[in-house]
Engineer: 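Quick one: the structure is below, and I'll ask about it shortly.
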Amino acid sequence: MSSETQVIIETTQTTVDETLGQIMKSNTFKLANFGKNLIRRILTTSATTVSIGIVSVLAFAIYRSYKQPKSRMNSKNPVSLDSYVEPDIGKSKRTKEQLDEIQKRLDEFKLSDEILKQIMDILEAEMEKGLDRATHSEADVKMLPTYVCQLPTGKESNDILALDLGGSNFRVLYIRLRENEEPVIVNKVFIVSESIMKGTGEKLFSHIASCLYLFMKNHNLDMTRTYPLGFTFSFPCRQLGLSKAILLRWTKGFLCSDVVGEDIVATLQKYIDARGDIKVKVCVLINDTVGTVMSTAYYDRKTALGLILGTGTNACYIENIDRIGILDSYVDPDQKQMLVNTEWGAFGENGSIDFIRSRYDEEIDKTSINVGKQIFEKMVSGMYLGELVRLMILELIDRELIFVDEMKKNAYRHALFTKGSFYTKYLNEIETDSNTKFTRTKRILKELAGIENPSNEDCAVVKCICMAVTKRAAKLTSAGLAVILKRMNKAECTIAVDGSLFRYHPRMQAVCEKTLTKLVK
């Protein structure tokens, strides 16, 4: 065995062990009767698993005897909501007027069960519009057919490559699976710089092709053979087949406008072929949500719904083909169901959920690169939650409701006053902080605003803001999932989940469980 092979196997074992995180499993117990015990367990899949999933739709690809490794729980396991008690924001040290001003802003993020049900009705109507050919063009939620009609069987086998592009970095994978053998999986993450994200399509896809070449060269892959490649492309596309997808718009900070309206598979293939030094055939394109479902379905045949809750958000699910009125291309008459990519991040672009948007949501939208777009995503995804918290903190500072003495010592020159400086990871740390010492909160405030000795009462306000913002995100996500679960009306349904926000936030899972259980009854 060569040293290179040894390295691959060593790398693979680590990857496989970490590949399967946890799968979010719900037991709807005959949703028609809205049974009890909606959530059996909530787990998440890793990014590597998502990328593996894209090749499951290749007729000649992977997965045989790929034994599910023992689940490795994330060190930041979700805990009971009982331990999440809102801290005292200084009721004995603030005037009633001050408390009212603070509470008024926190209340902008509160959602009652009645409002959530109203949101569900609106989303259901938008989904119907998206599926209907006559109203599709008017729909915010586009409900795009994926042409994925079958889930993995576990009998596929081949050597394949995979790409996963969905943000400021992308992953290249080599996957070798054989019947009755442990899989070989090698992956590497490459950076997509801001200049490339906002440049031309040529710069982006040339960069991807170049990274693909470097990956193949560095891992001593056979440059004389042709490798099939599956492409996870996490942006809204109109799918015309497994290997043909027209880009509808960019999200997540990308602005390569000359690619909008183009076939992404053909575009990537063009720049791969232009190199002349690698032989790769792009065989399939799906988005990350579909990839999540495909990968999880290999281990759990009850998988029927996928959720992404990370930098962005999206969901896909199994729909009856006779309800997909917008299908253009030929579909095998023997197939009765197909995965539909909802693209629910765009929900609300027509103003239908403006009544739940806060002043901070409106500010984020006004200053974004896609004004008026991805309204739902801007309320729930990791790309925006930190900024929502920052904006509220700044307003409370401006109105001298928090950090009054500390700000008198500052010249407003610190990072806190810069857009995007309050990372969503800070919410995770602050929400798990002690309600008496606020050690993490004080460290973050010192880093971002130069605040040396904030009072516990002001730290408590910051923590309450974080809790309000993330709780709303979890509730809105649960409302969307509830709509789909009711629509599918399955006795049991496994929901495959991926995304850093869901995976790392300390109580996202618990709030989703609690809310979803209520909404499907």
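Heads up: numbering here begins at 1 and tracks the sequence.
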Engineer: Would you mind checking if Glu387 and Arg390 are paired as a salt bridge, meaning a charged N to carboxylate O distance below 4.0 Å?
Structural biologist: yes
Engineer: Got a donor-acceptor contact below 3.5 angstrom from the Asp140 side chain to the Glu349 backbone?
Structural biologist: yes
Engineer: Give the minimum heavy-atom separation between Pro236 and Leu247, together with the two atoms involved.
Structural biologist: O-CD1, 3.4 Å
Engineer: Sequence neighbours excluded, which residues qualify as salt bridge (charged side-chain N to carboxylate O under 4.0 Å, His left out) partners of Glu343?
Structural biologist: none
Engineer: If only atom types and distance count, is the side chain of Thr432 paired as donor or acceptor with the main-chain N or O of Asn428 below 3.5 Å?
Structural biologist: yes
Engineer: Kindly indicate whether the side chain of Tyr227, heavy atoms from C-beta on, has any atom under 4.5 Å from the side chain of Met216.
Structural biologist: yes
Engineer: Could you tell me whether a side-chain N or O of Thr146 sits under 3.5 Å from a main-chain N or O of Val340, the two making a donor and an acceptor?
Structural biologist: no
Engineer: State, with a plain yes or no, whether a side-chain heavy atom of Thr424 is found less than 4.5 Å away from one of Tyr384.
Structural biologist: no
Engineer: Using modelled atom types only, decide if a donor and an acceptor are shared between the side chain of His207 and the backbone of Ile191 within a distance under 3.5 Å.
Structural biologist: yes
Engineer: In terms of relative ring orientation, are Phe205 and Phe231 parallel, tilted or perpendicular, with 30° and 60° separating the classes?
Structural biologist: perpendicular
Engineer: Okay, side chain of His136, backbone of Gly130: is any donor-acceptor separation there less than 3.5 Å?
Structural biologist: yes
Engineer: Look up atom CG in Asp273 and atom NZ in Lys281, then write down how far apart they are to the nearest 0.5 Å.
Structural biologist: 8.0 Å
Engineer: Let me confirm one number: the OG1-CZ distance from Thr296 to Arg301, rounded to the nearest 0.5 Å.
Structural biologist: 12.5 Å
Engineer: So Lys475 and Thr515, side-chain contact (heavy atoms from CB on, under 4.5 Å) or not? Walk me through it.
Structural biologist: CA-CA 6 Å; Lys475 283 191 167 187; Thr515 306; 3.7 Å; yes
Engineer: Please determine if Arg472 and Asp361 form a salt bridge, counting it only when a charged side-chain N lies under 4.0 Å from a carboxylate O.
Structural biologist: yes
Engineer: Look only at the side chain of Asp263 and the backbone of Ala245, and say whether a donor-acceptor pair between them is shorter than 3.5 Å.
Structural biologist: yes
Engineer: Measure across Thr342 and Val141 and return the closest heavy-atom pair with its distance rounded to 0.1 Å.
Structural biologist: O-CG1, 3.2 Å
Engineer: Which pair of non-hydrogen atoms, one from Leu327 and one from Pro145, has the smallest distance, and what is that distance?
Structural biologist: CD2-CB, 3.5 Å
Engineer: Please check if the side chain of Thr303 supplies one atom and the backbone of Asp300 the other of a donor-acceptor pair under 3.5 Å.
Structural biologist: yes
Engineer: Can you name the closest pair of heavy atoms from Cys316 and Leu339 and give their distance?
Structural biologist: SG-CD2, 4.4 Å
Engineer: Can you confirm if the aromatic rings of Trp250 and Phe233 lie within a centre distance of less than 6.0 Å?
Structural biologist: yes
Engineer: Side-chain contact test, heavy atoms from C-beta onward, threshold under 4.5 Å: evaluate it for Met338 versus Glu319 and give yes or no.
Structural biologist: no
Engineer: Got a sec, which residues hit side chain to side chain contact (heavy atoms under 4.5 Å, CB included) with Arg443, two or more places apart in sequence or on another chain?
Structural biologist: Glu429, Arg440, Glu447
Engineer: Please examine the side chains of Met223 and Lys279, heavy atoms only from C-beta on, and report whether any two atoms are closer than 4.5 Å.
Structural biologist: no
Engineer: My understanding is that only residues two or more places apart in sequence, or in another chain, count here; which of them pass side chain to side chain contact (heavy atoms under 4.5 Å, CB included) with Glu202?
Structural biologist: Thr200, Ser206, Tyr271
Engineer: When rounded to the nearest 0.5 angstrom, what is the spacing between CG in Leu212 and CD1 in Ile272?
Structural biologist: 5.5 Å
Engineer: Within the 4.5 Å heavy-atom criterion, are Val189 and Phe170 side-chain neighbours or not?
Structural biologist: no
Engineer: Please find the pair of heavy atoms, one from Tyr360 and one from Leu391, that lie closest to each other, and give the distance.
Structural biologist: O-CD1, 3.8 Å
Engineer: Mark yes or no for whether Ser381, through its side chain, and Thr311, through its backbone, hold a donor-acceptor pair below 3.5 Å.
Structural biologist: yes
Engineer: Find out whether Lys188 and Arg171 are in side-chain contact, i.e. whether some heavy atom of one side chain is under 4.5 Å from a heavy atom of the other.
Structural biologist: no
Engineer: Please lay out, stage by stage, how Leu416 and Ile393 fare under the test side-chain contact (heavy atoms from CB on, under 4.5 Å).
Structural biologist: CA-CA 9 Å; Leu416 182 64; Ile393 290 174; 4.1 Å; yes
Engineer: Spell out, as yes or no, whether a donor-acceptor pair under 3.5 Å connects the side chain of Lys270 to the backbone of Val265.
Structural biologist: no
Engineer: Verify side-chain contact (heavy atoms from CB on, under 4.5 Å) between Ile308 and Asn287, making sure each step is shown before the conclusion.
Structural biologist: CA-CA 10 Å; Ile308 297 295; Asn287 73 4; over 6 Å; no
Engineer: Does anything in residues 212-227 pair up under salt bridge (charged side-chain N to carboxylate O under 4.0 Å, His left out), and if so which pairs, sequence neighbours excluded?
Structural biologist: Asp159-Arg225
Engineer: Could you walk me through whether Gln374 and Asn370 pass the side chain to side chain donor-acceptor pair (under 3.5 Å) test, one step at a time?
Structural biologist: CA-CA 8 Å; Gln374 299 298 108; Asn370 56 346; 5.8 Å; no
Engineer: So does Lys252 have more than 12 non-hydrogen atoms from other groups sitting under 6.0 Å from NZ?
Structural biologist: yes
Engineer: In Å, rounded to the nearest 0.5 Å, how long is the span from CD1 of Ile364 to CE of Met379?
Structural biologist: 10.0 Å
Engineer: To the nearest 0.5 Å, what is the distance between OH on Tyr213 and CD1 on Ile278?
Structural biologist: 9.0 Å
Engineer: Report yes if the side chains of Met488 and Leu305 come closer than 4.5 Å at any heavy-atom pair, otherwise no.
Structural biologist: yes
Engineer: My understanding is that only one of Thr313, Thr477, Asn314 makes a side chain to side chain donor-acceptor pair (under 3.5 Å) with Trp344; could you say which?
Structural biologist: Thr313
Engineer: Tell me which one of Lys463, Lys425, Arg507 satisfies salt bridge (Lys or Arg N to Asp or Glu O under 4.0 Å) with Glu431.
Structural biologist: Arg507
Engineer: Kindly write out the residues that satisfy side chain to side chain contact (heavy atoms under 4.5 Å, CB included) with Met197, not counting sequence neighbours, or none if the list is empty.
Structural biologist: Ser168, Val192, Phe254
Engineer: For Arg275, is there an ion pair with Asp277 - N to carboxylate O distance below 4.0 angstrom?
Structural biologist: yes
Engineer: Salt bridge or not between Lys442 and Asp433? Use side-chain N to carboxylate O under 4.0 Å.
Structural biologist: no
Engineer: For Glu194, enumerate each residue passing the salt bridge (charged side-chain N to carboxylate O under 4.0 Å, His left out) test, keeping only those at least two apart in sequence or located in another chain.
Structural biologist: Lys198
Engineer: Run the numbers on Ile430 and Ile444 for side-chain contact (heavy atoms from CB on, under 4.5 Å), then give the verdict.
Structural biologist: CA-CA 8 Å; Ile430 291 171; Ile444 292 169; 3.8 Å; yes
Engineer: Within this structure, what is the CG-OG1 distance for the pair Leu229 and Thr226, rounded to the nearest 0.5 Å?
Structural biologist: 12.0 Å
Engineer: Under 6.0 Å from the OH atom of Tyr423, do we count more than 12 heavy atoms belonging to anything else shown?
Structural biologist: no
Engineer: Is a donor on one side and an acceptor on the other found under 3.5 Å between the side chain of His219 and the backbone of Phe215?
Structural biologist: yes
Engineer: Is the closest side-chain heavy-atom distance between Ile495 and Val497 below 4.5 Å?
Structural biologist: yes
Engineer: Could you pull out the closest heavy-atom pair between Lys142 and Ile326, with the gap in Å?
Structural biologist: O-CD1, 3.9 Å
